[in-house]
Amino acid sequence: MKSLSLILIIVLMNILHSCQNNSASSGSNQSPYAKQVDSLLSIMTLEEKVGQMNQYSGFWEVTGPAPEEGSAAIRYEQLRKGLIGSMLNVTGVENVKALQKIAVEETRLGIPLIIGYDVIHGYKTMAPIPLAESASWDLEAIKKSAEVAAAEAAAAGINWTFAPMVDISRDARWGRVMEGAGEDPYLGSLIAKARVAGFQGTDLKAPHTIAATAKHFAGYGFAEAGRDYNTVDVGTSTLYNQVFPPFKAATDAGVKTFMNAFNVLNGVPATGNTFLQRDILKGKWNFNGLVVSDWGSIKEMIPHGYAKDGEQAAELAVKAGSDMDMESSLYVEHLATLVKEGKVDEALIDDAVKRILTLKYELGLFDNPYLYCDELREKEVIGKPAFHEAVLDMAKKSIVLLKNEKQLLPLNKKGLKIALLGQLAADKDSPLGSWRALAAPNSAVSVQEGLEKYPDNDLLFEQGVRLTDGSPSFLQEVQINTTDRSGFEAAKNIAKQAEVVIIVLGEHAFQSGEARSRTEIGLPGLQQEFLEEIYKINPNIVLVLMNGRPLAIEWAAEKIPAIVEAWQLGTQSGNAIAQVLYGDYNPSGKLTMTFPRNVGQIPIYYNHKNTGRPVLPDNKQIFWSHYIDATNSPLFPFGYGLSYTSFEYKNLQLSKNGFSKDGSIEVSVEVTNTGYLLGKETVQLYLHDLYASVSRPVKELKGFEQIDLQPGETRKVTFILNEESIGFFDNEGNWKVESGEFKVFVGGNSVNNLESVFFYEE
Ligand code: NOJ
């Protein structure tokens, strides 16, 4: 039991320092809590300091009686001794309160816990998976979606999310692409910023905001062969220009924490990587928040072949700048001894603990450790109707229309006979996506339910093809059904009678996400065969795809007249899809990750280098950079997405023929809605730096604007380019702006553009 006098000392210190801080903090970039943190640190034992750096998962039943034996008993004991600084995976006010009470009332210093959780795209009311959200290119909506997630999580006792994942990836085999914002560092940076702002808000102490985490630092999205946790070797040019920018943007947006990564980066595990964590993050970028390890990643430095044992792993990780140990227990086991033996400087421990305590102050936990533990708020806030509206809006904006021939879409609202097919069409669970936090099972609106809200058509449903066996979960491998054709006949029967067939195919939610890499990224199981069978009966097919990664669907892209990319859209999935299919929402999403024709093209990405032997469009040459069995072009490029209306681009104009130091140039274009419906277009601007001291990509996104146009309406869109737009990082990480010639491209995707050139003179 903590002594009363100590509590009193801490309270007095806090009061005293908050008075001092009010007068001293202005104009200083030091934390306003620096003095409180220092005072608290000065009365902590080495063991208590190390305890703050220890984070455990609350896998045991926290509100039940404390177990007397086993690892849970040991952890309770550690909690009472002040040897745990943070918990993850503890949710709900009742559970959080129970642990917080022990930390506050039973430890010597009463330091509250931070409660972390993977609130990736919602807590209970699920928004679309992040890859889907990114396809909206709508930064305000993305921010709003993060606000909803934060508000629900904060109401349930959580004050720290392990999101956003800002890893750039060019490999659709990697299951975790569903958690990111795609392949582009410019868009990825803006989305990182929006999501950090959404989670953290402007006042971290507000009971609806939580601390965010930029993860996984760094290079995790470049796992070899797309196999999760695999080796990463990336060159400096890619590291500085592709991998780092979204992390830097998150830092600039004030993200409070970083998570390091499971992978080695060029031979050194990210967790033990001084270059990443100390030189770049805490050095060059001046990040003063805390770095948490990934789950057990400190211990994983042993199998990586980097640390010989747990003790050395702890030493290497802390020296490299990992402040908090998630679940490997190595800090709490070894750090105090390492300090006492003189192997680790206590100043490193102090620095880590200061970062942790500062966040606790910033979250308001020292003012009120139960700030996030209000049962009434928990009841009132979670699942609010306004949250459902926000995630529905986000879901509609995330849908990408990939193909629409024969004007199959939008559907007439009356007099149609529709056959709806596919296991996913009636699935109320898979649309919740992977990383679904505390979403109730089967709580999504299915496509079938969404379509039933349009009662004047005749809707017939048959599952037809089974995607999975059993009910897949996060902790199991998904069993894909490859034998059951028993539903094919019934499906063919209704397809025969219908004017339009809507087939919902794709991946189950748990086929993407962590540890869900795939070597084939077509339609799993019997779905492709089923699609081809139905096509023979009735080719008037609208294929609705649900998936967590780009899919290689070359056959469908050629044969099927209408294809709608509907990802895993969260709680309101079916409503969003139905509104798009019926034209109550005109689709506006654009892909943020290239769709390959086949897996052999991977890694395939729009911002590639030209090579010394770029292939010409006819693909007829022999000794050029190409394949002999496929074209280099993707199935669907980055930035691509159709609308029910059409847009025409004309009059690309530059305000001058170039600019020089500190100057800028204006690029404008006229966009006309040439169709018959109101539509939203994302006008995209790309640059190509034609020659530079480090070769530059053939195209790089450098600006975009979303406009809503009435039928027949024309709008002039203007972009301003300056040195920020044309610069790049050299191989030492120095920012360079070099004289030269630049091509500028403007259009509705990364391929079909108007283009012009300009010069820059240093
Ligand atoms: C491992 C994942 O890589 C990371 O992203 C996540 O935040 C942690 N587990 C905690 O669940």
Do Glu449 and Lys428 sit within salt-bridge range, that is, some charged N less than 4.0 Å from a carboxylate O? yes
Carboxylate-amine/guanidinium contact Asp138 Lys680, below 4.0 Å: no
Does the cation-pi check pass for Lys215 over Trp435, that is, NZ or CZ under 6.0 Å from the six-membered ring centre and within 45° of its axis? yes
Regarding Asn598 and Gln601, do their side chains bring together a donor and an acceptor under 3.5 Å, going by distance alone? no
Any non-hydrogen side-chain atom of Thr468 less than 4.5 Å from a side-chain atom of Phe510? no
Any donor and acceptor pair, going by atom type alone, linking the side chain of Asn632 with main-chain N or O of Ser625 inside 3.5 Å? yes
Answer yes or no: is there a side-chain heavy-atom contact under 4.5 Å between Asp427 and Ser446? no
Side chains of His121 and Met126: closer than 4.5 Å at any heavy-atom pair? yes
Is any side-chain heavy atom of His216 closer than 4.5 Å to a side-chain heavy atom of Met165? yes
Regarding Thr594 and Glu183, do their side chains bring together a donor and an acceptor under 3.5 Å, going by distance alone? yes
Asp184 and Tyr606: side chain donor to acceptor below 3.5 Å: yes
Working for side-chain hydrogen bond (donor to acceptor under 3.5 Å, both in side chains), residues Ser643 and Asn586: CA-CA 6 Å; Ser643 163; Asn586 187 353; 3.2 Å; yes
Have a look at Ile563 and tell me which of Ile541, Val400, Leu545 forms a side chain to side chain contact (heavy atoms under 4.5 Å, CB included) with it. Leu545
Could Glu700 and Arg696 be called an ion pair, given the rule that one side-chain N must be under 4.0 Å from one carboxylate O? yes
Keeping Ser136 on the side-chain end and Ser398 on the backbone end, is there a donor-acceptor pair under 3.5 Å? no
With a 4.0 Å cut-off on N to O distance, would you call Glu554 and Arg597 a salt bridge? yes
Ser486 and Asp484: CA distance, side-chain angles, deciding distance, side-chain hydrogen bond (donor to acceptor under 3.5 Å, both in side chains) verdict: CA-CA 6 Å; Ser486 61; Asp484 185 2; 2.5 Å; yes
With the threshold set at 4.0 Å, does a side-chain nitrogen-carboxylate oxygen contact exist between Lys403 and Glu558? no
Tell me which one of Glu300, His304, Glu514 satisfies side chain to side chain donor-acceptor pair (under 3.5 Å) with Tyr229. Glu514
Charged N-O contact under 4.0 Å between Arg516 and Glu507: no
Is there a side-chain contact between Tyr605 and Phe638 in this structure, where contact means two heavy atoms from C-beta onward sitting under 4.5 Å apart? no
State, yes or no, whether a side-chain contact exists between Arg518 and Val599 at a heavy-atom distance under 4.5 Å. no
Glu565 and Asn547 side chains, donor-acceptor separation under 3.5 Å: yes
I'd like to know whether Arg485 forms a salt bridge (charged side-chain N to carboxylate O under 4.0 Å, His left out) with Glu529, so could you lay out the CA-CA distance, the side-chain angles of the two residues, the decisive distance to 0.1 Å, and finally the verdict. CA-CA 10 Å; Arg485 293 179 176 82; Glu529 183 184 322; 2.6 Å; yes
Quick one: are Ser57 and Trp295 in side-chain contact, heavy atoms under 4.5 Å? yes
To the nearest 0.5 Å, tell me how far Phe222 CZ sits from Ile168 CD1. 7.5 Å
Fit a plane to each ring of Phe258 and Phe247, take the angle between them on a 0 to 90° scale, and name the class: parallel (under 30°), tilted (30 to 60°) or perpendicular (over 60°). tilted
Keeping Asp393 on the side-chain end and Lys396 on the backbone end, is there a donor-acceptor pair under 3.5 Å? no
Counting only N and O atoms by type, is there a donor-acceptor contact under 3.5 Å from the side chain of Trp567 to the main-chain atoms of Ile399? no
We want to know whether Asn753 and Gln684 form a side-chain donor-acceptor pair, criterion being a heavy-atom distance below 3.5 angstrom. no
Answer yes or no: is there a side-chain heavy-atom contact under 4.5 Å between Pro634 and Phe595? no
